[in-house]
Amino acid sequence: MLALFAKCSLGALAVLLIALLSQSRAFYIAGLVPLFPTFALIAHYIVGSERDAQALQRTALFGLWSLLPYALYLLAVYWLSTRTTLVPTLLLATLAWLLAAALLLWGWTRLMS
């Protein structure tokens, strides 16, 4: 129960930090906070403690490839932000992420299985 509370607290702290930074003169730093590898650390610890080093390597490699859907999301937000309003921008960018993530999963399962 304590571990669950700690994980929730980390998430709440990240949201608070994003909110505070978005109101500061350095608002752009709010985009860096979600990239702190909180969940990656948890995932890597679990995989590393339950499986071998090769599984941890594959998890890290997949993590590197997973940057591509995120990059596509950011490019879509960047491009759409001056062409449409906020909600359609975020919806379309999320759709781009979903499609890229699905393609990544499809390709990964075909090549790495």
Side-chain angles (χ1 to χ4, degrees):
M1 189 65 151
L2 184 60
L4 180 60
F5 179 75
K7 292 172 191 171
C8 293
S9 297
L10 283 174
L13 181 63
V15 170
L16 177 63
L17 191 55
I18 291 168
L20 291 173
L21 285 169
S22 69
Q23 296 172 4
S24 74
R25 288 175 49 197
F27 59 89
Y28 47 87
I29 298 174
L32 183 61
V33 174
L35 297 177
F36 183 80
T38 305
F39 297 112
L41 286 166
I42 294 166
H44 294 153
Y45 178 81
I46 292 170
V47 170
S49 63
E50 294 181 2
R51 296 182 166 259
D52 61 8
Q54 187 177 14
L56 182 57
Q57 271 190 325
R58 283 183 75 175
T59 303
L61 182 61
F62 184 79
L64 285 169
W65 280 99
S66 72
L67 294 173
L68 294 174
Y70 186 66
L72 184 61
Y73 168 84
L74 291 176
L75 286 169
V77 168
Y78 180 82
W79 188 75
L80 292 167
S81 64
T82 58
R83 291 166 174 77
T84 186
T85 59
L86 178 62
V87 173
T89 293
L90 297 179
L91 287 173
L92 290 168
T94 301
L95 180 61
W97 182 92
L98 287 169
L99 292 172
L103 185 61
L104 171 62
L105 287 170
W106 178 82
W108 184 267
T109 56
R110 297 287 183 267
L111 294 173
M112 299 303 270
S113 321

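Below, all heavy atoms of this structure are taken into account, side chains as well, without hydrogens, waters or symmetry copies. Residues: numbered from 1 along the sequence shown.
Rounding to the nearest 0.5 Å gives a distance of 12.0 Å between CG of L10 and CG of L17. Atoms CG and OG1, from L80 and T85 in turn, are 10.0 Å apart once rounded to the nearest 0.5 Å.
By the 6.0 Å contact criterion, CZ on R83 is enclosed, its count of non-hydrogen atoms from other residues, nucleotides or ligands being greater than 12.
With sequence neighbours excluded, no residue forms a ring pair (Phe, Tyr, Trp, His ring centres under 6.0 Å) with F27.
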Counting only pairs under 3.5 Å, give me each side-chain donor-acceptor contact of residues 95-112, with atom names and distances, residues two or more places apart or in other chains.
residue : atom : partner : partner atom : Å
T109    : OG1  : L105    : O            : 3.0
T109    : OG1  : W106    : O            : 2.9

Sequence neighbours left out, cut at 3.5 Å: what donor-acceptor pairs do the side chains of residues 68-79 make with other protein atoms?
none

Please tabulate, for the side chains in residues 29-56, all donor-acceptor contacts under 3.5 angstrom to protein atoms that are two or more places apart in sequence or on a different chain.
residue : atom : partner : partner atom : Å
H44     : ND1  : A40     : O            : 3.1
S49     : OG   : Y45     : O            : 2.9
S49     : OG   : I46     : O            : 3.2
D52     : OD1  : Q54     : N            : 3.4
D52     : OD1  : A55     : N            : 2.9

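Summarising the hydrophobic clusters (Ile, Leu, Val, Met, Phe, Trp, Tyr; side-chain heavy atoms under 4.5 Å, direct or chained), the residues clustered with L16 are L20. F5 forms part of no hydrophobic cluster, judged by ILVMFWY side-chain heavy-atom separations under 4.5 Å.
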